[in-house]
J.: 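Below is one structure. I have some questions about it.
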There are 4 protein chains.
Amino acid sequence: MIDGELSRRDQLVRAAFALVAEAGLEGLRLRRVAAEVGIDQSTLHHHVATKAALVAAVAEHAAGLLATTAPPAHLPPAAALRAHLDALADLVARRPELFTVTAELDLRARRDPSVRAVVERQEAGWRAVLTGLFTALGEADPAARTELVIAAVKGVRLVPDLAPLVLAQLGATDRTG
Amino acid sequence: MIDGELSRRDQLVRAAFALVAEAGLEGLRLRRVAAEVGIDQSTLHHHVATKAALVAAVAEHAAGLLATTAPPAHLPPAAALRAHLDALADLVARRPELFTVTAELDLRARRDPSVRAVVERQEAGWRAVLTGLFTALGEADPAARTELVIAAVKGVRLVPDLAPLVLAQLGATDRTG
Amino acid sequence: MIDGELSRRDQLVRAAFALVAEAGLEGLRLRRVAAEVGIDQSTLHHHVATKAALVAAVAEHAAGLLATTAPPAHLPPAAALRAHLDALADLVARRPELFTVTAELDLRARRDPSVRAVVERQEAGWRAVLTGLFTALGEADPAARTELVIAAVKGVRLVPDLAPLVLAQLGATDRTG
Amino acid sequence: MIDGELSRRDQLVRAAFALVAEAGLEGLRLRRVAAEVGIDQSTLHHHVATKAALVAAVAEHAAGLLATTAPPAHLPPAAALRAHLDALADLVARRPELFTVTAELDLRARRDPSVRAVVERQEAGWRAVLTGLFTALGEADPAARTELVIAAVKGVRLVPDLAPLVLAQLGATDRTG
DNA sequence: TATGAATGAGATTTCATTCAT
DNA sequence: TATGAATGAAATCTCATTCAT
């Protein structure tokens, strides 16, 4: 799907996404979003009712992008985990802004219920996948391993250069010896 | 030094800190900060020149609180690492807002040089401590272990309940066997 | 074009002009300008980006009014000079505020480059006209005569009643005999 | 009288005078005046009750400086006129700021009665001197000549470089031939 | 005489949103 | 779907002035 075929709404969401990556949610200005798409600021409201709705849409967009790292269902657990972590590393490298935006959204989710809903749904899915994998791998404490992975990924979000170094340590089966 | 003896400036910084924890940096309002301390909003500028300066002062305050988790110098490395992680877990449990504020500041640091300066200085110190410990412990890749700890801590910042679970996995000497 | 048909921007500029005449540039308040036109103060910014831009527009407006005193091109020099001075005297009598505003702008021009640009352009045009006339009249030192006229006009700006007395002395061809 | 012997009040008045020359009456800030003298802004109020009083004092100071151009009483009229114009030219060259300040005060006088009182008194004196001289010189219309001189001087105030050119034309006895 | 703290009034500007066209 | 004009609420910051010390 090329850019020209995107709906106005999608264009707006992507423009907002880019703006959040650049200036933060705090720096998000509807005027600029509209300008980026080439429409008037008041026209924007025909496509997105309110600023909060736009932010929620940005959250949905981000969740969609993150979902692409889910491992294929048919793979054996060890390979699936490896595939997932590789996909994450790849995504961090190719689209670092996505993770900046995610960090912004995590903070916003604390105060905005509609953002929280999206963020929590995405995270629940991720958590389920990881727990499933670690359980299949026979890990002693799959939940703990899961949280470590999630925390580590979230923690390197703003420093993409360090992501490979950190992610490489998460695939190892044994944690204590 | 009890609260009543704090300088007005310190009172303001702490009030701002609390407000950031509650409403985010985005929701920080000088009016409310002043009101919380019981002075006029114009008087606030008598003590803190500008909002940016206040935010920087909040960052300093946060850095100071985090510094209390540094392990005592005389401890052997294994105990020092344990002490540090325990102190972190303790701080997360007792003062979860500190970590919320830290997450806010990490994002702000991307755009505000004076906040960035404080945040980077704090993080550099932390990194040095961890790398020293892991080196002393004979870890194969002390830098990698350091980044994993930092990332994991940052990643659980907003979910204090999960902190023990995650932190418990970071002290283990062996990662791969 | 009657007042009711003026663009909002023009209405605002004229209201600002009147306010400067009354209270000085120092006393110019956007709130009052907007109120005078009957719109909200925030709407004013929809038409004029910034206060400085409004002041610059006022300067343009003043320059336009002053330009009406330029003598018709076809007149012989003596008549042209007389016509110009008469037009000036007439303008001083009919629109004394214009000259008050001009005096304000001359001072502001020292500090505001965009006002300076307008003021200097207007003055350069005036100077060129006068020098042309005095040269055509065979004056010994056209530049000197020009500056005397300009200075004298500027000097009586704030005392319209004295303008005729002063202007009457500027048309005389011979200055020293 | 050297600077160190000036009263605090005089120091403040001179500092204010300099600041008006630099930033205009509009840009006059008590804080800066106090800082320039090396005292606290609130201490300033022990010496000058109010900002308006300080401005009036600046006007007095300016009037005092202008008074130095009055011609010695004993000179014959022609020489006295020449002496006065020379003194003016000299003052413009040596202390151009004085004339900037004067221009500011003329505008302020329109709105501030206490400034107006000072300015009018000074101007009345000047007018009396000039009219006396032109009368003694047997001018046909001494009042008119007086106003031309006053206007011309006021008109070149902001362009000291042109002052000699303009002033030179004001001493000539004959105006029409 | 000097100061630091406090005040209150006010000013410009920004921004999301609405409405009529 | 699109727009330009308008709004109202709010926010930061400035500044002269006052008061207690």
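Letters A, B, ... are given to chains in the order of the sequence lines, protein chains preceding strands, and every chain is numbered from 1. All heavy atoms count here, side chains included; hydrogens, waters and symmetry mates do not.
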J.: Along nucleotides 12-21 of chain F, 5' to 3', which nucleotides get a B, which get an S, and which get a -, given that the test is a protein heavy-atom distance under 4.0 Å?
T.: BBBBSBB---

J.: Show me, range against range, the stems involving DNA chain F, built from at least 3 consecutive Watson-Crick or G-U pairs below 3.5 Å.
T.: E:2-21 with F:2-21

J.: Is it true that B:Arg121 and B:Glu60 have a side-chain N and a carboxylate O under 4.0 angstrom from each other?
T.: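 A salt bridge is present here (some side-chain N lies under 4.0 Å from a carboxylate O).
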
J.: Hey, which of these two, D:Gly38 or B:His47, hits DNA chain E nearer its 5' end, going by closest nucleotide?
T.: D:Gly38

J.: To the nearest 0.5 Å, tell me how far B:Leu98 CG sits from B:Leu66 CG.
T.: 4.5 Å

J.: For A:Arg9 and F:dT1, give me the distance from atom CZ to atom P, rounded to whole Å.
T.: 12 Å

J.: Whole angstrom is fine here: how far is it from CG in A:Leu54 over to P in E:dA16?
T.: 10 Å

J.: Can a donor-acceptor pair be found, under 3.5 Å and without considering hydrogens, that links the side chain of B:Glu104 to the backbone of B:Leu25?
T.: yes

J.: Roughly how many Å is it from CG in D:Leu44 to C1' in E:dG4, rounded to a whole number?
T.: 15 Å

J.: Using only atom types and a distance under 3.5 Å, with no angle test, would you say the side chain of C:Arg29 pairs donor to acceptor with the backbone of C:Glu26?
T.: yes

J.: If I take atom CG in residue C:Leu12 and atom P in nucleotide E:dT13, what distance separates them, rounded to the nearest angstrom?
T.: 14 Å

J.: Report yes if the side chains of B:Val48 and B:Val33 come closer than 4.5 Å at any heavy-atom pair, otherwise no.
T.: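 Not touching, per the 4.5 Å side-chain cut-off.
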
J.: Is there a donor-acceptor pair under 3.5 Å between the side chain of D:Gln122 and the backbone N or O of D:Ala63?
T.: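 Checking the backbone N and O of D:Ala63 against the side chain of D:Gln122, no donor-acceptor pair under 3.5 Å is found.
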
J.: A:Glu26 has an atom CD; how far is it from atom C1' of E:dA16, in whole Å?
T.: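 One finds 16 Å between C1' of E:dA16 and CD of A:Glu26, rounded.
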
J.: Is D:Lys51 reaching over with its side chain to a backbone N or O of D:Leu28, donor-acceptor style, under 3.5 angstrom?
T.: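 Present.
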
J.: Return the CD to CG distance between C:Glu120 and C:Asp106, rounded to the nearest 0.5 Å.
T.: 10.0 Å

J.: Is there a side-chain polar atom (N or O) of B:Arg8 under 4.0 Å from OP1 or OP2 of E:dA6?
T.: yes

